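Just so you know, these numbers come straight off a predicted model, no measurement behind them. A, B, ... follow the sequence lines: proteins, then strands. Residue 1 opens every chain.
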Amino acid sequence: MTSLDRFPFDRCASELLVALRVGHVTSEDLVQAALAQIEKYDPHVGAFLAVRGEKALDQAREIDRRRARGEKLGLLAGIPVAVKDNLCMEGEPTTCASRMLANFVPPYDATVVARLKAADAVIIGKTNLDEFAMGGSTETSAFQKTRNPWDLERIPGGSSGGAAACVAARMVPLSVGSDTGGSIRQPAALCGVTGLKPTYGRVSRYGLVAFASSLDQIGPLAQSVEDCALLLEVLAGHDPRDATSINRPVPPYRELVFQRPDAIKIGYVPEMLSDGVSPDVVRTMEETLNVFRSLGAEIREVALPHARYAVATYYIIACSEASSNLARYDGVHYGYRTDEKAMLAELAEERRRLQQEGNLAALDDLDTALVRLYRKTRAEGFGAEVKRRIMLGTYALSAGYYDAYYLKALKVRRLIRQDYDQAFERVDMILGPVTPAPAFRIGEKINDPLAMYLFDLFTVSANLAGIPALAFPAGLSTEGLPIGVQLQGPPLSEERLLQMGYLFQQVTDWHRRRPPLIENDRLLS
Amino acid sequence: MSLTRQEIEKVALLARLILTPEEVEEMTGQLGRVLEYMALLNEVDTEGVEPLAHAVEFANVFREDRVEKSLDREIALANAPHRDDECYLVPAVLGDV
Amino acid sequence: MGERPYKIVIGLEVHVQLLTESKLFCGCSTKFGAPPNTQTCPVCIGMPGVLPVMNRKAFELAVKTGLALNGEIARFSKWDRKNYYYPDLPKGYQISQYDLPICRGGYLDIPAEDGEGTRRIGIIRVHLEEDAGKSMHDEKAGRADSRIDLNRAGTPLLEIVTKPDLRSPTEAKTFLTELKLLLNYLEVSDCNMQEGSLRVDANINLHIPTDDGQYVATPIVEVKNMNSFRAVERALTYEAQRQYEAFLETGHKLGDVPKQTRGWDEDAQITRPQRSKEESSDYRYFPEPDLVPVTITEEELERIRATLGELPAEIRRRLQTTYQITAYDSDVIVNQGRAFVDYYCRLAQGCGDGKMAANWVQQDVLRTLNERQWTIAQFPVSADNLAELLRKVRGGELDTAKARMVFAEMVEQCCSAGEAIQRLGIVQVDEGELRRLCEELVAANPRVVAEVKAGKDKAIGSLVGQAKKRNPNINPARVKEICLELIQRQS
């Protein structure tokens, strides 16, 4: 075995694939390196909820054996990959970072997991997330916090915080996350890595534990655009098990990414660079626009007039769908169930008390055992943010409020989509910030849900409109924290976004910067 | 748009949640503020605008009427919190026929 | 039906399970009777991350039904979630249709109670939805647990809601019988209440006339838990009377009290108030994000319409006019299904006498099928063969009694009429031989002849008796005819 760099996962997955092919390194080496990196840094970063070390090594060895025999191997053969823990993996706990599913072991693979296996990727482990993907900081995980490798006192972003952090910390070259309102792009930007939310329907949702069905999408995270292209090609494609998946052939993204696109017009929305956005972000945006100008792109101003309504629209729709998607967690068929004996005793006690008081009305209203089972199970199994969103969604859908909230939001959603349709008649893609500021401190916004929601203002529109968006590192703040930008395009325009992103990464090196934690190979106190 | 405690209790029942008095207090405030913010949407003129429920434009996705292998019962029930050898178990749903 | 002091108003909500091989959203089998929880998968269990995909055949059966009920098929229809909590509803919501169902309007004509003509019962809507699982109350070892079986969860259901056009419990039963017949013919559903492939809830109230020529409406009651068509009739009969007595006592009108739900108790033969489903009022319907809408073109509609086949009402009419049989006869035949109808028609055409054919199929054929537990497809006597037998009876070669013996032999031996006759040793006496015999007898019995001429028709019996003695194979009726003819010709 030829010696590896100190951090093998500084290299692109594509380079590693070459190294594997020519025999400079084995898959077992890569997995060992990943496990070693995880062992060293994850106690501090907390990216992984579960690491399947032995199984991964077995798989790696098997792939090495097959390679030695000259067998045909998949596109990702031997590459370690991390998967967000809201993607079902047969035989492995899939917890969604919730007490509710702490012991849930699915009897089936998500379609994307099956595709990863078919591509001979080696799944190293499941990464941490905000509970049920509801959050923008990974702070609502029931099990552990994930810390930003660039500053362990700060959030990694969310909800795919673990998936972004493990790539940033060079534990694996590739990870798979999910994006409902920015949950791939935002942590990617805050952790200085690249992430893509594909067109809605481009990647099958079968096996992704649903948060908001009309908004959820699965996508790749990596250090480089070309790696995202490679992983996207493996993940994408029509799935007969997902009625909302697009039935169109998957372009060879991994090859197309290197092609130089013809004259590209890039739009940007001046209002997005105004008050409320940190000067670091504004500066990064301006510098990025300059880079694209120098690459030959024509820069134009565009308008997205309904963008200011996007957060409200998003949260009504997302919470409404979520309140329904999470109704299945009732302690009956799988997942957490409250202590039934204690619950029945408590109920009996309440009944006795009310009878003593002669409170007939309350007695009549008293929960049945079944109803109390549901209520206690869900109250104990879900965390505060999940409960808040369920309450909000239930309210928005309830009789008398449906028209004012949910229906209204669906109409504004169409207007937001129309804004994009009109903008894309004038430009090929829109460049914009991902977040209004770099990563904030852990605990800073957790008690102010509205402030947390407003941090999503730049990312939610792409989910509402169902369009693809590529986030990549484009600068550092004055404090040395990563700042990302995103390119949004019309439906099924992933190739061009990837091509422009790749071009940007050819002339800049933000995506190669390492978090100080890794750079200095010591732990910041 | 402020929520009353009664409304919170009603929604909690609909959502099959049970809230402590502190949670009711906190939730009433937090949700109230969020809903106030949502009122922003009233500014938008949506007269004649069709709701957009799906991000995809297509229709008519079907599967053929073919039987596929079901899960083995043991596997199906493997994650059940409370079961006997054949079924999931819940406290009796009395009063139903 | 005596004069009631009130008018009964009934609407039915019928759920039928569709005859598909697999469930509505997944590939699990829909076969009835499997051991609990052996026909489930992650999709119908509602496990985290799963998604539904629509069964094409279920959708087509729904369209077929709507067309057969003369309804308006929506060119664009969509799916909605109906959210409520129940252990047999694993996702916590049912995928159904709310505001854009597959079919709106329509009607089913049913035979009128008084036997004159038909009554048109309006349909409000028909839509497709998934079934829930089953919860079984288990009193084993004094434990009060309910056991949940999800085999049924995800089975395709058609919900058919009628207008409140039914005017009596008997009419309600007739409607269900007619609906079942129609859906059997369409091969849409078995409509077997015992197996649960048809369930019905009824909404019933009364219109009680007031002195000023108007009427007052009583509160509507929903009646559930009726397990057979007869139970429907009995339950609604009981409920109508109960409502009348309740009105006399309380004077409650529609709107005075909330809608009540009552369950039929088959043992006690009464309805009892039932605790309504938890939070049944707020289902928080919203469009199902995991399923795309369905559009249907005119061409597809026509294609499906062409698969309806002749429907029971049309067939009844056709049989009556073509074969000159009564409404009752046509009912019996049509009730036996398409294959039986085809058998009858072939038989009637083959023997040339619709009425005779109707008698034979209703009595002899049907009786044999029931005794042997055969379907008409398994019946060993083909229509052609039976037609041959009936032609012989018509032609006088066989009397009815002998024909029945031959029929029985044909059933046992799976042979033709001719073969059976031979096997039984029945010698058919041809017409000429018969005539000669009669001429002989008439000539040899002048006293009998005189009696007959004098008006004593019965005396002819002695000639028939003698003819039988001479040749046991003669057709007594024919002998009587010929002798009478000869005697008449004499004078």
Participant: Enter the distance from A:Arg351:CZ to A:Asp367:CG here, rounded to the nearest 0.5 Å.
Facilitator: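 If we round to the nearest 0.5 Å, A:Arg351:CZ and A:Asp367:CG are 10.0 Å apart.
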Participant: According to salt bridge (charged side-chain N to carboxylate O under 4.0 Å, His left out), does anything in residues 317-329 of chain A pair up with another residue at least two apart or in another chain? List the pairs.
Facilitator: none
Participant: Among A:Gly201, A:Gly331, A:Ser213, single out the residue with the greatest number of heavy-atom pairs under 4.5 Å to chain B.
Facilitator: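 Top option by heavy-atom pairs under 4.5 Å: A:Gly331.
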Participant: Nearest 0.5 Å, what's the OG-CG distance between A:Ser320 and A:Asn325?
Facilitator: 11.0 Å
Participant: What part of B:Glu57 gets within 4.5 angstrom of chain A, counting heavy atoms only: side chain, backbone, both, or neither?
Facilitator: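 The side chain, not the backbone.
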Participant: How close do A:Gln488 and A:Ala469 get, heavy atom to heavy atom, and via which atoms?
Facilitator: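 The pair with the smallest heavy-atom distance is CG-CB, 3.8 Å.
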Participant: Sort out for me which of A:Ser398, A:Ala327, A:Pro449, A:Gly393 touches chain B most, counting heavy-atom pairs under 4.5 Å.
Facilitator: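 Option with the top pair count is A:Pro449.
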Participant: So, does A:Asp179 use its side chain to make a donor-acceptor pair with the main chain of A:Gln217 at under 3.5 Å?
Facilitator: no
Participant: Please flag which part of A:Pro240 lies under 4.5 Å from any non-hydrogen atom of chain B: side chain, backbone, both or neither.
Facilitator: neither
Participant: So for A:Leu344, is it side chain, backbone, both, or neither that comes closer than 4.5 Å to the heavy atoms of chain B?
Facilitator: neither
Participant: Could you measure the distance from the OH atom of A:Tyr200 to the CG atom of A:Leu215? Nearest 0.5 Å is fine.
Facilitator: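 It is 7.5 Å, given to the nearest 0.5 Å.
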Participant: Quick one: are A:Leu464 and A:Arg417 in side-chain contact, heavy atoms under 4.5 Å?
Facilitator: no
Participant: For residues 373-388 of chain A, give me every residue with a non-hydrogen atom less than 4.5 Å from any non-hydrogen atom of chain B.
Facilitator: A:Leu373, A:Tyr374, A:Arg375, A:Lys376, A:Arg378, A:Ala379, A:Phe382, A:Lys387, A:Arg388
Participant: In the structure I gave you, are the side-chain heavy atoms of A:Ser214 and A:Ile317 within less than 4.5 Å of one another anywhere?
Facilitator: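 The answer is yes; the side chains approach within 4.5 Å.
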Participant: For chain B, find which of A:Ile416, A:Asn447, A:Leu415 contributes the most heavy-atom pairs closer than 4.5 angstrom.
Facilitator: A:Leu415
Participant: Counting only non-hydrogen atoms closer than 4.5 Å, does A:Thr338 touch chain B with its backbone (N, CA, C, O), its side chain (CB onward), both, or neither?
Facilitator: neither
Participant: Give me the atom names and distance for the closest heavy-atom approach of B:Asp45 to B:Glu47.
Facilitator: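 Looks like OD1-N, 3.1 Å.
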Participant: B:Val49 versus chain A, heavy atoms under 4.5 Å apart: side chain, backbone, both or neither?
Facilitator: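 B:Val49 touches chain A through backbone and side-chain heavy atoms alike.
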Participant: Does the pair A:Ile467 and A:Tyr420 meet the rule for a side-chain contact (heavy atoms from CB on, under 4.5 Å), with working shown?
Facilitator: CA-CA 9 Å; A:Ile467 58 173; A:Tyr420 276 110; 3.5 Å; yes
Participant: Given a strict heavy-atom distance threshold of 4.5 Å, which part of A:Gln418 is in contact with chain B: side chain, backbone, both, or neither?
Facilitator: neither
Participant: Is there a donor-acceptor pair closer than 3.5 Å between any side-chain N or O of A:Asn463 and the backbone N or O of A:Thr180?
Facilitator: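 Checked: pair present.
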Participant: Measure B:Met38 against the heavy atoms of chain A and call it side chain, backbone, both or neither at under 4.5 Å.
Facilitator: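 Both backbone and side chain of B:Met38 come within 4.5 Å of chain A.
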Participant: For A:Asn103, is it the side chain, the backbone, both or neither that has a heavy atom under 4.5 Å from a heavy atom of chain B?
Facilitator: backbone
Participant: Search all heavy atoms of A:Pro468 against all heavy atoms of A:Pro490 and return the closest pair with its distance.
Facilitator: CD-O, 3.2 Å
Participant: Could you point out which residue of A:Thr244, A:Asp239, A:Asp216 forms a side-chain hydrogen bond (donor to acceptor under 3.5 Å, both in side chains) with A:Arg205?
Facilitator: A:Thr244
Participant: Taking A:Pro491, A:Ala243, A:Ala404, A:Ser323 one by one, which has the highest count of heavy-atom pairs under 4.5 Å against chain B?
Facilitator: A:Ala243
Participant: In terms of heavy-atom proximity below 4.5 Å to chain B, should A:Asp448 be classed as side chain, backbone, both, or neither?
Facilitator: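 A:Asp448 has no heavy atom closer than 4.5 Å to chain B.
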Participant: Which atoms of B:Glu50 come close to chain A, meaning under 4.5 Å heavy atom to heavy atom: side chain ones, backbone ones, both, or neither?
Facilitator: both
Participant: Side chain, backbone, both or neither: which part of B:Leu77 has a non-hydrogen atom closer than 4.5 Å to chain A?
Facilitator: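 For B:Leu77, there is no contact with chain A at all, as no heavy atom is under 4.5 Å.
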Participant: Between B:Ala12, B:Ala53, B:Pro81, which residue shows the highest count of heavy-atom pairs closer than 4.5 Å to chain A?
Facilitator: B:Pro81
Participant: Show the numbers, then the answer: is there a ring pair (Phe, Tyr, Trp, His ring centres under 6.0 Å) between A:Tyr329 and A:Phe132?
Facilitator: CA-CA 11 Å; A:Tyr329 303 110; A:Phe132 281 105; 4.9 Å; yes
Participant: I need the residue from B:Leu19, B:Val44, B:Val61, B:Ile8 with the largest number of non-hydrogen atom pairs under 4.5 Å to chain A.
Facilitator: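 Most heavy-atom pairs under 4.5 Å with chain A: B:Val44.
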Participant: Under 4.5 Å between any side-chain heavy atoms of B:Leu35 and A:Tyr395, yes or no?
Facilitator: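 Sidechains of A:Tyr395 and B:Leu35: in contact.
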Participant: Pick from B:Glu26, B:Glu23, B:Glu43: which one has the most heavy-atom pairs with chain A under 4.5 Å?
Facilitator: B:Glu43
Participant: Hey, can you tell me if A:Tyr314 and A:Phe211 have their rings parallel, tilted or perpendicular (30° and 60° cut-offs)?
Facilitator: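 The rings of A:Tyr314 and A:Phe211 stand perpendicular, inter-plane angle above 60°.
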Participant: Out of B:Ala15, B:Ala55, B:Ala78, B:Pro51, which one racks up the most heavy-atom pairs below 4.5 Å with chain A?
Facilitator: B:Pro51
Participant: Less than 4.5 Å to any heavy atom of chain B: does that hold for the side chain of A:Tyr453, its backbone, both, or neither?
Facilitator: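 A:Tyr453 touches chain B through side-chain heavy atoms alone.
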